[in-house]
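Notes follow once the structure below has been shown.
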Amino acid sequence: MRALSLLLILCLMVPLLVAQGTPTDDRIFDDVRRKLANDADVRGAGFDVTVKNGVVTLKGQVHTKKAIEKAEKIAKKIKDVV
């Protein structure tokens, strides 16, 4: 009975421990938005950022081609972006 209780507790805790280490789209979204907002070349571009399963999509208007390239480079450097 005691072994069964320990096994049950372990089974309930494992998903929680695994979920802690996985990246979330919300965290990636926040990181991308923050990095884009802090970059001088991209700051005023007004990108719409979407993240689904680690894939980042940037939509919006930019003033220069340099801003497009910089935004892409910034997004790719974010941890866990696919």
Side-chain angles (χ1 to χ4, degrees):
M1 182 70 168
R2 188 174 191 168
L4 183 60
S5 296
L6 289 173
L7 182 61
L8 181 60
I9 290 171
L10 181 63
C11 288
L12 293 173
M13 289 182 62
V14 167
L16 294 174
L17 294 173
V18 171
Q20 267 184 337
T22 59
T24 65
D25 288 345
D26 292 337
R27 184 194 48 77
I28 294 171
F29 173 84
D30 291 341
D31 289 349
V32 170
R33 294 285 297 182
R34 184 174 50 255
K35 294 281 187 174
L36 291 175
N38 289 330
D39 186 81
D41 295 324
V42 180
R43 187 175 297 151
F47 285 107
D48 290 325
V49 178
T50 57
V51 182
K52 185 171 183 177
N53 299 323
V55 177
V56 176
T57 303
L58 302 174
K59 292 182 183 178
Q61 296 181 355
V62 294
H63 304 292
T64 65
K65 183 173 173 114
K66 182 179 180 180
I68 294 170
E69 294 167 355
K70 190 78 176 269
E72 182 181 353
K73 188 182 285 188
I74 289 169
K76 285 181 178 180
K77 285 184 178 180
I78 301 296
K79 182 181 177 197
D80 300 317
V81 169
V82 176

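In terms of the salt bridge (Lys or Arg N to Asp or Glu O under 4.0 Å) criterion, Glu69 has no residue partners (sequence neighbours excluded). Every residue was checked against the salt bridge (Lys or Arg N to Asp or Glu O under 4.0 Å) condition with Lys77, not counting sequence neighbours, and none meets it. For Arg34, the salt bridge (Lys or Arg N to Asp or Glu O under 4.0 Å) criterion is met by Asp31, not counting sequence neighbours. Partners of Val82 by side-chain contact (heavy atoms from CB on, under 4.5 Å), not counting sequence neighbours, listed by chain and number: Val55. In terms of the side-chain contact (heavy atoms from CB on, under 4.5 Å) criterion, residue partners of Ile68 (sequence neighbours excluded) are, by chain and number, Val62.
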Test log, rule side chain to side chain contact (heavy atoms under 4.5 Å, CB included), inputs Val49 and Leu36: CA-CA 10 Å; Val49 178; Leu36 291 175; 4.1 Å; yes
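Nearest approach of Phe47 to Gly60, heavy atoms of both residues: CD2-N, 4.4 Å. Nearest heavy-atom pair across Leu58 and Ala75 is CD1-CB, 4.3 Å. Taking all atoms of both residues into account, the shortest heavy-atom contact from Ile78 to Lys35 is CD1-CG, 3.6 Å. Closest non-hydrogen pair, Arg27 versus Lys79, comes out as NH2-O, 3.7 Å.
The residue from Lys73, Arg33, Lys70, Lys66 that alone fulfils the salt bridge (charged side-chain N to carboxylate O under 4.0 Å, His left out) condition with Asp39 is Lys70.
Within the structure, the side chain to side chain donor-acceptor pair (under 3.5 Å) test picks out no pair touching residues 46-60 (sequence neighbours left out).
Annotation: the span from Asn38 atom CG to Ile74 atom CD1 amounts to 9.0 Å, rounded to 0.5 Å.
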